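Sequence lines set the chain letters: A, B, ... in the order given, protein chains first and strands last, and positions in each chain run from 1. Only this structure's heavy atoms are used, side chains among them; waters, hydrogens and symmetry mates stay out. Just so we're clear, the structure is a prediction, and the values are computed from it rather than from any experiment.
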Number of protein chains: 2
Amino acid sequence: MSHDLYKKRMEALLSYYHKNKRLPTYEELTRVFGVKSKSAAFQYIEKFIEDDIVRKSDEGFLIATPRLYGARVLGEVRAGLPHDAEEEGLLDCISLNDLLIHEPTHTFLLKVSGDSMRDAGIMSGDMVIVNRKKQAKIGAVVVAEIDHEWTLKYLMQKGKKMFLRAANKKYPDLFPKHELRVGGVVTGVVRQYI
Amino acid sequence: MSHDLYKKRMEALLSYYHKNKRLPTYEELTRVFGVKSKSAAFQYIEKFIEDDIVRKSDEGFLIATPRLYGARVLGEVRAGLPHDAEEEGLLDCISLNDLLIHEPTHTFLLKVSGDSMRDAGIMSGDMVIVNRKKQAKIGAVVVAEIDHEWTLKYLMQKGKKMFLRAANKKYPDLFPKHELRVGGVVTGVVRQYI
DNA sequence: AGTATAAACGAACGTTCGTTCGGTGTCAAA
DNA sequence: TTTGACACCGAACGAACGTTCGTTTATACT
């Protein structure tokens with residue numbers, strides 16, 4: 001088994017998966033791999049199964065593992081980037097969806113405008129991941145409605161009273177005149193550079 | 001068709017999809033939906049297809065759409081959260097993977113340590129999404145090797161010479177003594193609150 | 001009670017799936 | 001030249017798939 005061919009076919013499989021959001025059938029795999037028989041594809045997939053790039057579910061279906069659909073994670077910036085395909089074997093692979101969204105039904109993304117949370121690393125234009133069913137802890141970043149206005153702030157407590165605090169000294173603390181309602185807890189932040 | 005039932009079954013389908021990373025067969029759908037016949041499941045799926053929650057691929061396979069596996073996106077914080085399931089119809093649904101990782105083969109996640117980029121909203125503990133094949137533009141955040149040390153900085157230019165700049169005034173600009181090599185361009189940032 | 005409408009049932013269908021197996025070609029060591 | 005290993009081919013198999021269709025049940029309205 002040539003290593004180059006192995007990598008090429010794995011990338012072909014990944015590319016198919018990203019395009020179609022599913023693994024090909026063995027019949028389709030003949031085209032993906034560039035072989036003429038299903039059995040050749042079948043045998044090749046067995047190697048991928050050994051290497052945990054794909055997996056057989058309990059019901060016998062072929063499913064992708066994070067090794068295929070996830071992004072490779074490196075330890076730290078200081079360690080640099082691995083040279084090419086050398087030591088990729090020992091890298092973790094994760095899916096951002098799986099990592100950041102645990103309760104898809106209760107989770108929203110919210111676009112942030114304004115710089116009131118910039119010292120918390122939440123910039124204007126970022127998206128925050130909001131879980132609306134999670135219990136808000138004091139000190140957490142929350143999406144809250146204070147006196148009928150929605151905003152993104154730290155949830156704070158003074159005595160028994162809750163209030164909101166920006167992560168930017170130029171904004172004052174917000175004490176509710178009438179009502180403070182937490183709409184959701186920020187569980188993550190994502191930013192995209194174009 | 002009851003709306004409650006519809007939502008319940010959609011959540012059951014979503015839950016199955018998140019657990020198994022694939023859509024169930026019609027036979028399995030009978031269990032997911034709580035019906036006794038495949039045909040009942042089949043008819044129900046047709047409604048989901050109409051609503052673009054799932055889709056039939058050109059080859060006739062059932063595939064999930066971002067409406068199922070993605071997270072709902074709201075416009076802005078100021079607009080508040082939608083009340084429950086009211087106007088969810090008009091919300092976009094996106095997958096964080098699809099949004100942030102366009103070239104999975106060339107993309108890595110890198111854990112950040114240090115506060116040299118905090119004014120750019122990149123905090124210690126964040127993960128940056130790095131594309132190693134993308135052309136680095138001046139002013140972009142890059143992962144670079146400067147005199148054999150890896151770091152995360154802005155890529156800057158003075159005359160013909162490239163150098164690195166932190167997003168934190170207390171760090172000086174870094175001019176390479178010997179070598180400056182860009183290892184990848186930061187295309188995104190993700191942070192997770194626990 | 002009677003009727004209309006929608007939802008679910010259950011059996012049946014042709015198709016295509018994953019898998020197996022025996023055979024062919026190729027290269028290298030013996 | 002033989003032998004073995006390896007990758008692939010091609011035909012074949014039963015099993016499971018998606019889909020159809022006529023019937024039955026449940027719900028709502030008259």
Is the backbone of Glu145(A) close enough, under 3.5 Å, to the side chain of His148(A) for a donor and an acceptor to pair up by distance?
no
Whole Å only: how far is the CD atom of Gln43(B) from the P atom of dT5(C)?
17 Å
Whether Tyr44(A) and Tyr6(A) hold their rings parallel, tilted or perpendicular, with breakpoints at 30° and 60°
tilted
Among the nucleotides dT20(C), dG18(D), dC8(D), whichever has the atom closest to the side chain of Thr25(B) is dG18(D)
Calculate the interatomic distance between Glu46(B) atom CD and dA6(C) atom P; express it in whole Å.
15 Å
Does dT19(C) have OP1 or OP2 under 4.0 Å away from a side-chain N or O of Lys56(A)?
yes
Can you tell me if the side-chain N/O atoms of Tyr44(B) get under 4.0 Å from OP1 or OP2 in dA8(C)?
no
Cation-pi between Arg165(B) and Tyr154(B): NZ/CZ under 6.0 Å from ring centre and within 45° of the ring axis?
no
Euclidean distance, atom CZ of residue Arg31(B) to atom C1' of dA8(C) [Å, nearest integer]:
17 Å
Taking only the side-chain heavy atoms of Lys47(A) (C-beta and beyond), determine which of dA8(C), dA7(D), dC9(D) contains the nearest atom.
dA7(D)
Atom pair distance, as rounded to whole Å: OH in Tyr6(B) and C1' in dA6(C)
17 Å
Look at Arg9(B) and dA8(C) and indicate whether a side-chain polar atom (N or O) is within less than 4.0 Å of OP1 or OP2.
yes
Over how many whole Å does the gap from Leu23(A) atom CG to dG18(C) atom C1' extend?
14 Å
Considering only heavy atoms and no angle criterion, is a donor-acceptor pair shorter than 3.5 Å present between the side chain of Lys38(B) and the base of dG18(D)?
yes
Taking the inter-plane angle between the rings of Tyr26(B) and Phe42(B) on a 0 to 90° scale, is it parallel (under 30°), tilted (30 to 60°) or perpendicular (over 60°)?
tilted
Atom pair distance, as rounded to whole Å: NZ in Lys36(A) and C1' in dG10(D)
11 Å
With a 4.0 Å cut-off on heavy atoms, is Phe33(B) in touch with a base, just the backbone sugar-phosphate, or nothing at all?
nothing
Is Ser39(B) side chain donor-acceptor paired with the dG10(C) base, going by distance under 3.5 Å alone?
yes
Once you round it to whole Å, what is the distance between C1' of dG10(D) and OH of Tyr26(A)?
18 Å
Quick one: is the NZ or CZ of Arg22(B) closer than 6.0 Å to the six-membered ring centre of Phe61(A), and within 45° of its axis?
yes
Whole angstroms only, please: what is the CD1-P distance between Ile45(A) and dC17(C)?
14 Å
